[in-house]
Amino acid sequence: MKLALFDLDHTLIPLDSDHAWGEFTVKLGWRDAQVFAQANDGFYADYKAGTLDIHRYVRFAIEAVREHGVLAANKAHERFMEEVITPAIGEPARALLRRHQSAGDTVVIVTATNEFVTRPIARAFGVDHLIAIELERDARGEPTGAIHGTPSFREGKIARVEQWLAARGLDWSRVTHSTFYSDSINDLSLLERVHEPVATNPDARLSAIALERGWRTLNLFE
């Protein structure tokens with residue numbers, strides 16, 4: 001297997017889909033704008049600093065879905081895709097994915113954003129394989145606010161990729177070549193694990209590491 005792994009937010013799209021979904025719920029009137037923005041921006045700052053408590057954040061981020069129910073949230077997400085995400089998907093990102101697919105690589109999006117937000121985005125990119133934060137759900141299929149299993153965040157991304165491989169009867173030794181595209185210092189561990197790390201639209205800390213180690217740097221949003 002040749003594996004092409006992609007982070008999502010600020011890597012394939014020039015925004016944070018979780019943060020944008022939160023702002024969209026404010027637009028819908030599902031959240032108090034001032035209170036929500038203050039908390040949401042605080043979590044986002046923690047993420048950029050590499051100090052995010054992912055369990056607290058997911059409980060916060062999925063609260064609107066819990067309160068309004070999956071059916072209403074799915075309908076709202078359709079609008080979110082149409083109004084926010086689809087206009088943000090650029091041709092350079094689509095073309096990069098197509099090149100890997102045409103080369104016979106197995107393309108996987110590996111993101112720390114939850115599966116409710118990201119599964120429709122993966123479909124919009126034509127990517128069948130998504131590793132995202134899985135949500136614990138109750139007997140009715142409604143999210144509880146907790147994370148199911150290992151969160152695909154920081155070092156957890158390696159664990160989740162290994163679980164994904166194991167489910168297919170594979171491990172890293174069966175991967176003849178692996179590439180990972182990411183913008184974030186939070187993904188350093190997985191970037192170090194693959195054969196070919198690509199700092200993609202990198203933040204300042206990752207950009208410095210890429211320069212020091214001679215990693216390829218790519219900008220999809222210029």
Side-chain angles (χ1 to χ4, degrees), residues 1-21 24 61 65 70 73-135 148-149 151-153 156-158 160-170 172 174-184 186-187 190-191 193-202 216-222:
M1 174 182 283
K2 293 188 299 179
L3 203 55
L5 307 173
F6 291 83
D7 179 48
L8 176 63
D9 300 324
H10 296 293
T11 298
L12 290 174
I13 53 176
L15 50 80
D16 184 288
S17 57
D18 224 352
H19 189 269
W21 165 251
F24 192 75
V65 177
V70 168
N74 283 340
K75 290 182 180 179
H77 198 290
E78 291 175 4
R79 283 187 54 195
F80 174 65
M81 288 295 298
E82 181 180 349
E83 297 177 21
V84 179
I85 297 298
T86 300
I89 296 177
E91 180 55 28
R94 288 189 186 276
L96 177 60
L97 289 167
R98 285 197 301 267
R99 284 200 297 274
H100 279 283
Q101 290 166 332
S102 297
D105 299 345
T106 300
V107 173
V108 186
I109 291 175
V110 188
T111 175
T113 300
N114 70 76
E115 36 100 359
F116 168 79
V117 172
T118 57
R119 199 167 301 281
I121 302 175
R123 286 197 296 265
F125 272 113
V127 174
D128 296 329
H129 303 293
L130 171 69
I131 297 173
I133 286 182
E134 298 292 333
L135 301 173
H148 175 72
S152 47
F153 178 60
K157 284 194 174 184
I158 295 178
R160 289 291 306 281
V161 170
E162 289 174 348
Q163 290 170 10
W164 182 90
L165 287 168
R168 289 154 179 80
L170 303 170
W172 285 108
R174 300 288 299 277
V175 178
T176 57
H177 190 269
S178 54
T179 310
F180 180 39
Y181 297 83
S182 177
D183 71 290
S184 177
N186 285 290
D187 287 336
L190 184 53
L191 285 162
R193 182 66 183 81
V194 298
H195 296 99
E196 184 181 355
V198 184
T200 309
N201 326 306
R216 182 157 64 98
T217 298
L218 176 67
N219 195 321
L220 294 176
F221 306 142
E222 288 183 340

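Under the 3.5 Å distance criterion, the side-chain polar atoms of T11 are matched with a main-chain donor or acceptor of D183. Panel note: side chain E83, backbone F24; no donor-acceptor pair is recorded below 3.5 Å. Not a single donor-acceptor pair under 3.5 Å links the side chain of N186 to the backbone N or O of F153. Between the side chain of N114 and the backbone N or O of V117 there is at least one donor-acceptor pair closer than 3.5 Å.
Two residues are said to be in side-chain contact when any heavy atoms from C-beta on lie closer than 4.5 Å; L12 and T200 fail this criterion. With a 4.5 Å cut-off on side-chain heavy atoms, L190 and D7 do not count as touching. Contact check for L135 versus E115: side-chain heavy atoms found under the 4.5 Å cut-off. Here the side chains of W172 and V161 are in contact, with some heavy-atom distance below 4.5 Å. In this structure, W21 and V65 have side chains that are in contact, with non-hydrogen atoms separated by less than 4.5 Å. By the 4.5 Å heavy-atom criterion applied to side chains, L5 and S178 are not counted as neighbours.
Summarising the geometry, atom CD1 belonging to I109 is positioned 8.0 Å from atom CD1 belonging to I121; distances are rounded to the nearest 0.5 Å. Note: T106 OG1 to H100 NE2 = 11.5 Å, rounded to the nearest 0.5 Å. Here L8 contributes atom CG and I13 contributes atom CD1; the two are 4.0 Å apart, rounded to the nearest 0.5 Å. Note: L130 CG to T111 OG1 = 7.5 Å, rounded to the nearest 0.5 Å. Going from atom CZ of R99 over to atom CG of D105 covers 11.5 Å, rounded to the nearest 0.5 Å. Distance check: I89 CD1 to F125 CZ gives 4.0 Å after rounding to the nearest 0.5 Å.
By the salt bridge (Lys or Arg N to Asp or Glu O under 4.0 Å) test, K75 pairs with no residue at all, sequence neighbours left out.
When every heavy atom of A124 is checked against every heavy atom of R94, the shortest pair comes out as O-NH1, 3.1 Å. When all heavy atoms of H77 and P120 are compared, the pair lying nearest together is CE1-CG, 3.6 Å. Here the closest non-hydrogen pair linking P197 and L191 is CB-O, 3.3 Å. Of all the heavy atoms in P14 and A88, the pair that sits closest is CD-O, 3.2 Å. The nearest pair of heavy atoms linking D16 to H10 is N-NE2, 3.5 Å. Annotation for A132 and S152: closest pair C-OG, 3.1 Å, computed over non-hydrogen atoms.
Around the NE2 atom of H148, the shell of radius 6.0 Å holds no more than 12 heavy atoms that belong to other residues, nucleotides or ligands. Within 6.0 Å of the CD atom in E82, the count of heavy atoms belonging to other residues, nucleotides or ligands does not exceed 12. The local environment of CZ in R174 is sparse, with at most 12 non-hydrogen atoms from other residues, nucleotides or ligands closer than 6.0 Å.
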> Does the side chain to side chain contact (heavy atoms under 4.5 Å, CB included) test come out yes or no for V110 and R160, once each step is laid out?
Replying inline: CA-CA 9 Å; V110 188; R160 289 291 306 281; 5.7 Å; no

>> Please determine whether side-chain hydrogen bond (donor to acceptor under 3.5 Å, both in side chains) holds for the pair T113 and D9, giving the CA-CA distance in whole Å, both sets of side-chain angles, and the decisive distance to 0.1 Å.
In response: CA-CA 8 Å; T113 300; D9 300 324; 2.6 Å; yes

> Please walk me through it: do N74 and F116 pass side chain to side chain contact (heavy atoms under 4.5 Å, CB included)?
Replying inline: CA-CA 8 Å; N74 283 340; F116 168 79; 3.2 Å; yes

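Note on ring orientation: taking the six-membered ring where Trp is involved, the planes of F6 and Y181 are parallel (angle under 30°, cut-offs 30° and 60°).
Within the structure, side-chain hydrogen bond (donor to acceptor under 3.5 Å, both in side chains) contacts touching residues 119-135 (residues at least two apart or in different chains) do not occur.
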